[in-house]
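The first residue in the sequence is number 1, and the count goes up from there. Owing to the predicted nature of the structure, the values given are computational and were not obtained by experimental measurement. Counting starts at 1 for both ligands and their atoms, following the listed order. Values below: all heavy atoms of this structure, side chains included; hydrogens, waters and symmetry mates excluded.
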Amino acid sequence: MSITNDTLQIKFRAFNPVNGQPLDEEFAEALESEVNEACEAAASSFVTYRKKSGEEKAIFFEAIADELLLLGDTLIERASLETGLPATRIQNERGRTIAQLLLFADLLREGSWVNAIIDTADSTRVPLPKPDVRQMQQPLGPVAVFGASNFPLAFSVAGGDTVSALAAGCPVIVKAHPAHPGTCKLVASAIRQAVSKARMPSGVFNMVHGITHQVGAWLVKHRAMKAVGFTGSYAGGKALFDLAAQRPDPIPVYAEMGSVNPVFFLPGALRDKCEELAKGLAASVTLGNGQFCTNPGMFVLVNTSAGMEFVQKLKEAVEAVNVGPLLTENIQKQYVKSIQRLAADPSINMLTRTDADIVQSHVFTTNTKAASNHDYITEEIFGPCTMGILVKDKLEMIEFAQSLKGQLTATLHSTKEDLEEYRELIEILQQKAGRLIINGFPTGVEVTHAMVHGGPFPATTDSRSTSVGTQAIYRFTRPVCFQDFPNELLPAELKQENPLNIFRKVNNNFVRDL
Ligand code: NAP
């Protein structure tokens, strides 16, 4: 029995970032007893949910998609009110969230995602007969999900973490983001409708509100929870990672955190497309008021006259963009504080407007020496700004790339000749980032089978995974092996006759037939 602290219940409201006013509805932070109840319900629903077929889960996902659409403008308006993001942006995000659900429904229906591997027995092998060994991926158990403030739909209650955990066969408890609790409540109600329509066990999905870190801590520490999916700040992700590691039975935390997503402009590209590239970078830096985890917060180029022309055009293009309010008061304060710190540093050149105490878009430049002296120069500032690192030559660019921490993305703008000359840079960047882009910009993450939205620490707490795309499912599974099992006791995916007609790796060949 756990001791609970149920005497105080904290109440809170969301704020409209456009006018700073509190919104109408009041929300109650979950009590410890409510968190415990949700965790226990998740654990008992796991017994049946883990056995649901791909078809049953696909129907469940389609029902969630339908219910989300049925929320109509109510959802769009509430999300827009709580985030300050325009309705069109929220509509697009809803489209992405629904497409993500349907992509996973297809994956589940097809079924081969379980990675069935079969090594058949050989009784004639000497000196010892070879056993029949079969493995497949199975769900870990209940998963706690924390969404970020900047994607109120696609990285929130029905976002990538929830969908990939449910797809794996894991019940989910979402810790609602306190910046958009009304949006979270609407989406949670849609998922609950779908749970009932698709006849899923009721504890398979739950959501708890919280404005203090306490609720998240109770969730992560509860013995029923078997993994955590997190999207948000470095501070939040690392805190939850540490908490999970301190449990008597540590559990994996897949925290997707911030990144500066360096963009390297190579000499040939700068020579050929200086203005176009400057405008492209400015658009990417200021997209969504710079509040993307893939925001290009850093660019690197050789300090030549073409490089300086690019920087000047970038400054003009960035200054031409009107920046809207940032998502929360806290994000606004953090942004202004970070900009003021850069503005006060004599080793940094602030190219844009000099008033650093209001939210504006900014371009800075500096050199590698300053960058190596102050960590804050190469760390994410969440908002519409970018830091140029000016290097003297190719060698210094390569050395700087070598010094970079883990990133979600790394981008190169280059001609064919540049790519030949900077091959070493490409090799280095593969060791630094989860996704490499040539002649594009990092903002915008496709939800596909091959996508990697991850990267070495500190971009994430586990570089072996992605939080976007169907491969995200493997964060919440583990391989289970069956040795010399009678056919009738094997899961359908591993039975001799392959009743689900899935692709399996049999004696090292991918086949549908045994
Ligand atoms: P955040 O402040 O870290 O919040 C994310 C969630 O974590 C919230 O539910 C928050 O709840 C909880 N949380 C934060 N610190 C915690 C702690 N110490 N203990 C327990 N719970 C904690 O992040 P955000 O401001 O919403 O999002 C912006 C950040 O997310 C940016 O850095 C951005 O780059 C990153 N992001 C990353 C990705 C990606 O895929 N890698 C995608 C989108 C955004 P409380 O507020 O109650 O603490």
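Contact atoms of ligand 1 toward Phe155: 40 (O) (distance under 4.0 Å to a heavy atom of the residue). Of all atoms in ligand 1, listed by their number and element, those nearer than 4.0 Å to a heavy atom of Ala239 are 18 (N). Close contacts between ligand 1 and Leu408 involve ligand atoms 41 (N) [criterion: under 4.0 Å to a heavy atom]. Close approach to Ile211 involves these atoms of ligand 1, each under 4.0 Å from a residue heavy atom: 47 (O). Short contacts between ligand 1 and Ile331, defined as distances under 4.0 Å to a heavy atom of the residue, involve ligand atoms 25 (O). The Gly232 neighbourhood of ligand 1 comprises atoms 3 (O), 23 (O), 27 (O), 29 (C), 30 (O), 32 (O), 35 (C), 36 (N), 37 (C), with distances under 4.0 Å to a heavy atom of that residue. When each atom of ligand 1 is checked for a heavy atom of His453 under 4.0 Å away, the hits are 39 (C), 40 (O), 41 (N). Within ligand 1, the atoms closer than 4.0 Å to a non-hydrogen atom of Ser149 are 24 (P), 25 (O), 26 (O), 27 (O), numbered from 1 in the order shown.
Counting only heavy atoms from C-beta outward, the side chains of Leu140 and Thr477 never approach each other to under 4.5 Å. Side-chain contact between Ser347 and Asn373 is absent, with no heavy-atom pair separated by less than 4.5 Å.
For atom 46 (O) of ligand 1, the nearest protein heavy atom (residue, atom name, distance) is Pro178 CG, 3.2 Å. Summary of contacts: the protein heavy atom closest to atom 20 (C) of ligand 1 is Leu240 CD2, 3.4 Å. What sits closest to atom 34 (O) of ligand 1 on the protein, heavy atoms only, is Glu380 OE2, 2.5 Å. Scanning the protein for heavy atoms near atom 7 (O) of ligand 1, the closest one is Phe230 CE1, 3.0 Å. The nearest protein atom to atom 10 (C) of ligand 1, hydrogens excluded, is given as Lys175 NZ, 4.1 Å; this is a heavy-atom distance. Given atom 14 (C) of ligand 1, the protein heavy atom at minimum distance is Gly236 CA, 3.7 Å. Protein heavy atom in closest approach to atom 8 (C) of ligand 1: His177 CD2, 3.6 Å. The closest protein non-hydrogen atom to atom 22 (C) of ligand 1 is His213 ND1, 3.7 Å.
Heavy atoms of Gly147 come nearer than 4.0 angstrom to ligand 1 in at least one pair. Distances from ligand 1 to the non-hydrogen atoms of Thr212 include at least one value under 4.0 Å.
Ion pairing between Asp242 and Arg247 fails under the 4.0 Å rule for side-chain N and carboxylate O. A salt bridge is absent between Arg13 and Asp24: the closest approach of a Lys/Arg side-chain nitrogen to an acidic carboxylate oxygen does not fall below 4.0 angstrom.
The backbone N or O of Pro442 lies less than 3.5 Å from no partner atom in the side chain of Thr409, so there is not a single donor-acceptor pair. Remark: side-chain polar atoms of Glu256 are not paired, donor with acceptor, to backbone N or O of Ala459 under 3.5 angstrom.
Between Tyr254 and Phe476, the ring planes lie perpendicular to each other; the angle is over 60°, past the 30° to 60° tilted range. Under the 30°/60° scheme for interplanar angles, the aromatic rings of Tyr376 and His374 are found to lie parallel. Using a 30° and 60° split on the angle between ring planes, Phe310 and Phe299 fall in the perpendicular class, above 60°. Ring orientation note: the planes of His209 and Phe12 are nearly perpendicular, at an angle over 60° on the 30°/60° scale.
Considering Ala179, Cys293, Gly434 only, the shortest heavy-atom separation from atom 36 (N) of ligand 1 involves Cys293. Distances from atom 23 (O) of ligand 1 to the heavy atoms of Ser233, Pro152, Ala148 show the closest one on Ser233.
At least one cation-pi condition fails for Arg192 and Phe60: the charged atom is not both under 6.0 angstrom from the six-membered ring centre and inside a 45 degree cone around its axis.
Here the shortest heavy-atom pairing between Ile251 and Val220 reads CD1-O, 3.9 Å.
Residues His453 and Thr466 bring no donor and acceptor atom of their side chains to less than 3.5 Å of each other.
Taking distance alone, with nitrogen or oxygen atoms compared against 3.5 Å, Met257 approaches ligand 1 more closely than that limit.
When heavy-atom distances to ligand 1 are checked against a 4.0 Å cut-off, Asn150 comes that close only through its side chain, counted from C-beta outward.
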